Every structure is written in C-alpha cells, then in structure tokens.
Amino acid sequence: MGIISNCTASVIKDAASALINGDLVAFPTETVYGLGANAIDKGAIAKIYQVKGRPTDHPLIVHISSIDSVDKWARDIPEYAINLARAFWPGPMTLILPRTALAKDFITGGQDNIGIRVPSHTVAHALLKEFEAQGGLGVAAPSANRYGAVSPTTAIAVEIELGSYLSKSDLILDGGPSIVGVESTIIDCTSNTPSILRPGGITQGMIEEILGNIISIESKNLQVNKIKAPGLMESHYAPKANLFLDGEPSEGDGLIALVNINTPEGVQRLASPINNEQFAQQLYSALRDGDNKKIQNVYVVPPSGDDIAVAINDRLLRASKR
Ligand code: TXA
Ligand code: MG
C-alpha cells in the first residue's frame with residue numbers, strides 16, 4: 001500500500017488489474033475520494049466493509065465509466081432518470097434504480113435497488129475505462145473513510161484515515177484535491193417521481209431545470225428514509241472535535257466561516273472560503289486540519305443559499321450530532 005502520485009497510463013493499468021485481482025484501490029473523484037473494489041467480487045466487497053468498519057446492510061454505490069453500461073446494473077429505468085443521467089453524468093450525481101441480477105445483495109445491503117454513478121474526475125474515469133477494458137463491470141466505492149468519519153478529499157487524508165487497515169497490495173491513487181468537496185447528490189429514481197435522498201453538487205434547482213415542472217421534486221426528510229439509505233441518518237461525516245453551528249468561539253477553538261466573517265482573538269481560523277463552492281471544497285480538509293491540531297471545539301458559521309449550501313448544511317447538521 002502506498003500513494004501513487006503520478007497516475008500514468010501504466011499506473012492506471014496496474015490499478016485496474018489490482019481491482020480485477022480483488023485488491024482495493026482508493027481513487028480520487030470530483031466529490032470525495034472513494035475506496036474501490038470490483039463490484040461483482042464478494043470477497044473484495046467484504047474487505048471494503050472491513051476496512052471502513054461499516055455495517056453490511058449499508059449499500060455501496062457502483063461506479064461505471066459511462067451511461068452506456070447502466071443497464072447492466074439497473075432495469076426499468078424511468079425516462080426522467082435517463083434525462084438526469086444525460087444532463088449530469090459524468091458528474092457528482094448518484095441515481096438509485098431497480099437492480100438487475102448482477103447487483104447482488106452484498107452490494108445493495110439486500111435492497112432491491114442499486115446506486116449508480118459516473119464520476120467525471122479524469123483519474124476515476126481513466127481507471128473505470130481501463131477496468132472495463134480488462135473485463136470489469138463496475139467498481140463499488142464508498143467514501144474512503146472509517147464509518148461515520150469525515151470523507152477524505154485528498155490522497156494523504158485517505159492514507160492517514162485508512163493506511164493501517166489496508167493491505168500491501170492495495171493502492172491509493174492521488175489525483176489532487178477533490179473539486180466539489182462533498183459527496184454526490186443521491187436521487188431516488190425507483191418511483192414515478194424522483195426524490196433527493198442526499199443533497200450535493202447537483203442541486204434541486206439544477207434538477208428542476210432539466211425535468212421542468214411536470215415532475216415535482218421532493219427533498220425528503222432523511223430521517224424518513226431509514227430503510228432506503230441507512231447510512232444517511234445517524235451521526236455521520238463527523239470530526240473528532242465537537243462541532244458547533246452557533247455560538248461564539250473562545251480562545252483555542254477553531255473557526256470555519258466565509259471570508260467576510262472575522263476571527264475573534266485567540267481563535268484558530270481553519271478556513272476562510274470566498275463563496276459557497278469554495279466552502280464545500282475546503283470544509284472536510286478544514287475539519288481534518290482541526291483534528292490534526294487537536295482542537296477540541298470547532299465552530300462553523302453555516303453558509304446560506306439554495307446552491308451547494310444545502311449539501312453543506314446537511315453534512316454539518318449530521319456532523320454536529322452526537
Ligand atoms: O460522492 C460520492 O457519492 C462518493 C464517491 C466516492 O463516489 N461515494 C459515497 O459513498 O459517498 P458512501 O457509501 O460513502 O455513501 C453513499 C450513501 C450511503 O449512505 C448509502 O447508504 C447510500 O448512499 N446508498 C448507496 N446505495 C444505495 C441504495 N441502493 N439505496 C439507498 N441508499 C443507497
Ligand atoms: Mg461515506
């Protein structure tokens with residue numbers, strides 16, 4: 001196990017072979033880094049759950065290189081889902097669709113549906129292309145963190161987080177910092193109308209622009225989706241520090257806030273993003289930075305807006321739950 005920084009064609013070839021052979025490959029995506037395994041290899045998938053310390057009834061997202069192979073994994077795909085896929089793939093969006101026989105219980109947590117995503121990051125794309133060229137069908141990849149912890153947005157964060165759990169033959173590919181910074185928008189496409197299970201870089205407004213007014217989009221309360229998306233309700237995305245979303249930081253506390261908000265005397269500023277997009281990009285690395293500095297209390301001034309701020313606030317709320 002080690003970080004590979006220069007992802008040349010031959011590195012990608014070896015990484016794809018590693019996946020075919022049942023090893024784990026952590027790789028960059030535009031949202032966060034994923035911990036990949038061959039989605040039809042039961043033993044390799046078991047390693048993902050082990051390394052993450054994740055309950056096995058939490059389903060995994062299968063990553064493919066293009067929309068063309070979606071029907072290997074999903075059936076009865078509604079027209080609106082195809083329209084969304086055409087508009088936002090490759091990109092930070094996951095569609096939950098009825099599964100085919102290829103999607104076994106060990107991927108779906110026993111559910112009758114499957115999460116599919118086509119990532120846009122060049123390294124992720126190259127890896128998936130090469131994996132498919134070598135006969136692979138899909139790469140299951142949850143965020144490359146221990147269960148309940150903050151998702152990594154850099155290769156070094158993956159190594160710090162999972163290095164001691166990975167084997168010698170597993171790999172970590174470095175593709176630079178993830179540009180979106182929060183996990184993909186998850187859209188349930190198993191009924192007549194779509195609903196957002198997890199907000200992300202593809203916002204409700206962007207979805208509505210594609211689907212028009214014919215289909216209403218309901219951003220469901222995630223608590224209601226207990227059975228459908230088990231990983232989405234309890235304390236999650238949490239740093240070691242206590243996270244506060246209101247109140248004033250005191251000396252020694254950490255602060256994450258938009259640049260126009262001042263840092264009180266003695267407070268450690270962990271990030272000063274200039275807008276909501278940059279807030280999302282910097283949030284997870286700032287939380288990790290706070291933990292590395294052993295800061296016990298981190299204050300975040302949540303951004304407002306109906307853009308990626310919705311996803312940021314969703315993660316902040318869950319990260320602040322204990
Ligand atoms: O941006 C992302 O989506 C990243 C990158 C690596 O692609 N992946 C990611 O995966 O965030 P993960 O496993 O950390 O989070 C996926 C969430 C989990 O809470 C899981 O329960 C839910 O999506 N999920 C996956 N498949 C599902 C399904 N078939 N039905 C409902 N929820 C599902
Ligand atoms: Mg995750």
Side-chain angles (χ1 to χ4, degrees), residues 24-37 39 45 48-49 51-64 73-74 88-100 103-121 123-125 127-128 138-153 157-158 161-162 173 175 178-191 195-202 220 222 224-238 280 284 308 311 314-315 318-319:
L24 302 182
V25 176
F27 61 95
T29 86
E30 67 279 18
T31 58
V32 299
Y33 274 64
L35 179 63
I45 298 303
I48 285 188
Y49 283 95
V51 167
K52 278 187 65 85
R54 176 171 172 153
T56 51
D57 62 348
H58 286 224
L60 301 177
I61 297 169
V62 173
H63 297 67
I64 53 178
W73 292 96
F88 300 121
W89 277 351
M93 177 184 75
T94 297
L95 300 181
I96 308 294
L97 295 160
R99 67 171 167 177
T100 62
K104 297 288 190 293
D105 283 351
F106 59 77
I107 286 284
T108 71
Q111 300 192 64
D112 211 19
N113 48 60
I114 180 84
I116 309 275
R117 180 157 109 80
V118 179
S120 63
H121 193 289
V123 171
H125 182 75
L127 178 65
L128 292 168
V139 174
S143 52
N145 51 278
R146 292 284 288 168
Y147 179 64
V150 179
S151 298
T153 52
V158 177
E161 178 87 16
L162 297 182
L173 302 183
S178 299
I179 55 160
V180 178
V182 292
E183 305 79 359
S184 61
T185 305
I186 302 183
I187 307 171
D188 180 357
C189 301
T190 59
S191 49
S195 58
I196 299 174
L197 297 182
R198 179 175 72 182
I202 303 298
K220 285 183 188 163
L222 292 164
V224 179
N225 283 291
K226 209 168 181 165
I227 307 148
K228 291 208 100 162
L232 298 181
M233 351 92 51
E234 61 274 350
S235 165
H236 232 80
Y237 312 104
Y284 288 162
I308 199 157
D314 168 74
R315 307 307 191 273
R318 269 178 280 156

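Atoms within each ligand, like the ligands themselves, are counted from 1 in listed order. What you see is a predicted model; the values in this text were computed from it and never measured.
- For the pair Leu35 and Val158, the minimum side-chain heavy-atom distance is 4.5 Å or more.
- In summary, the atoms of ligand 1 found under 4.0 Å from a heavy atom of Gly115, numbered by their order in the structure, are 29 (N).
- Looking at Pro90 and His125, their side chains never come closer than 4.5 Å, going by heavy atoms from C-beta outward.
- Near Ile114, meaning under 4.0 Å from one of its heavy atoms, ligand 1 places the atoms 29 (N).
- Scanning for side chain to side chain contact (heavy atoms under 4.5 Å, CB included) contacts around Ser178 gives Tyr33, Thr153, with sequence neighbours left out.
- In this structure, Arg198 contributes its side chain and Ser184 its backbone to a donor-acceptor pair below 3.5 Å.
- The backbone of Ala141, and not its side chain, has at least one atom closer than 4.0 Å to an atom of ligand 1 (non-hydrogen atoms only; backbone = N, CA, C, O).
- Using a 4.0 Å cut-off to heavy atoms of Gly34, the atoms of ligand 1 that qualify are 6 (C).
- In this structure, Arg315 and Pro199 have side chains that are in contact, with non-hydrogen atoms separated by less than 4.5 Å.
- At a heavy-atom distance under 4.0 Å, only side-chain atoms of Ile186, from C-beta outward, approach ligand 1.
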*Please walk me through it: do Glu183 and Arg117 pass salt bridge (charged side-chain N to carboxylate O under 4.0 Å, His left out)?*
CA-CA 11 Å; Glu183 305 79 359; Arg117 180 157 109 80; over 6 Å; no
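- Geometrically, ligand 1 and Arg198 share a nitrogen or oxygen pair separated by less than 3.5 Å.
- Annotation: the span from Ile96 atom CD1 to Asp188 atom CG amounts to 7.0 Å, rounded to 0.5 Å.
- Short contacts between ligand 1 and Ser184, defined as distances under 4.0 Å to a heavy atom of the residue, involve ligand atoms 1 (O), 2 (C), 3 (O).
- Checking His58, Glu183, Arg54 against atom 18 (C) of ligand 1, the nearest heavy atom belongs to Arg54.
- On a distance-only criterion, Tyr33 and ligand 1 share no N/O pair closer than 3.5 Å.
- Within the 3.5 Å criterion, the main-chain N or O of Tyr49 finds no donor-acceptor partner in the side chain of Tyr147.
- At a heavy-atom distance under 4.0 Å, atoms from both the backbone and the side chain of Asn113 approach ligand 1.
- The side-chain contact (heavy atoms from CB on, under 4.5 Å) with Leu95 is formed by just one residue from the set Ile187, Val118, Ile61, Ile186; it is Ile187.
- Annotation for ligand 1: atoms under 4.0 Å from non-hydrogen atoms of Gln111 are 30 (N).
- A distance-only check finds no donor-acceptor pair linking the side chain of Glu161 to the backbone of Asn145 [under 3.5 Å].
- Closer than 2.8 Å to the Mg ion (ligand 2) sit the protein N, O or S atoms Ser143 OG.
- Between Ile61 and ligand 1 there is a heavy-atom distance shorter than 4.0 Å.
- Counting atoms of ligand 1 from 1 in the listed order, those under 4.0 Å from a heavy atom of Ser143 are 8 (N), 9 (C), 10 (O), 12 (P), 14 (O).
- One N or O on the side chain of Lys52 and one on the backbone of Ser143 form a donor-acceptor pair closer than 3.5 Å.
- For the pair Arg99 and Ile107, the minimum side-chain heavy-atom distance is 4.5 Å or more.
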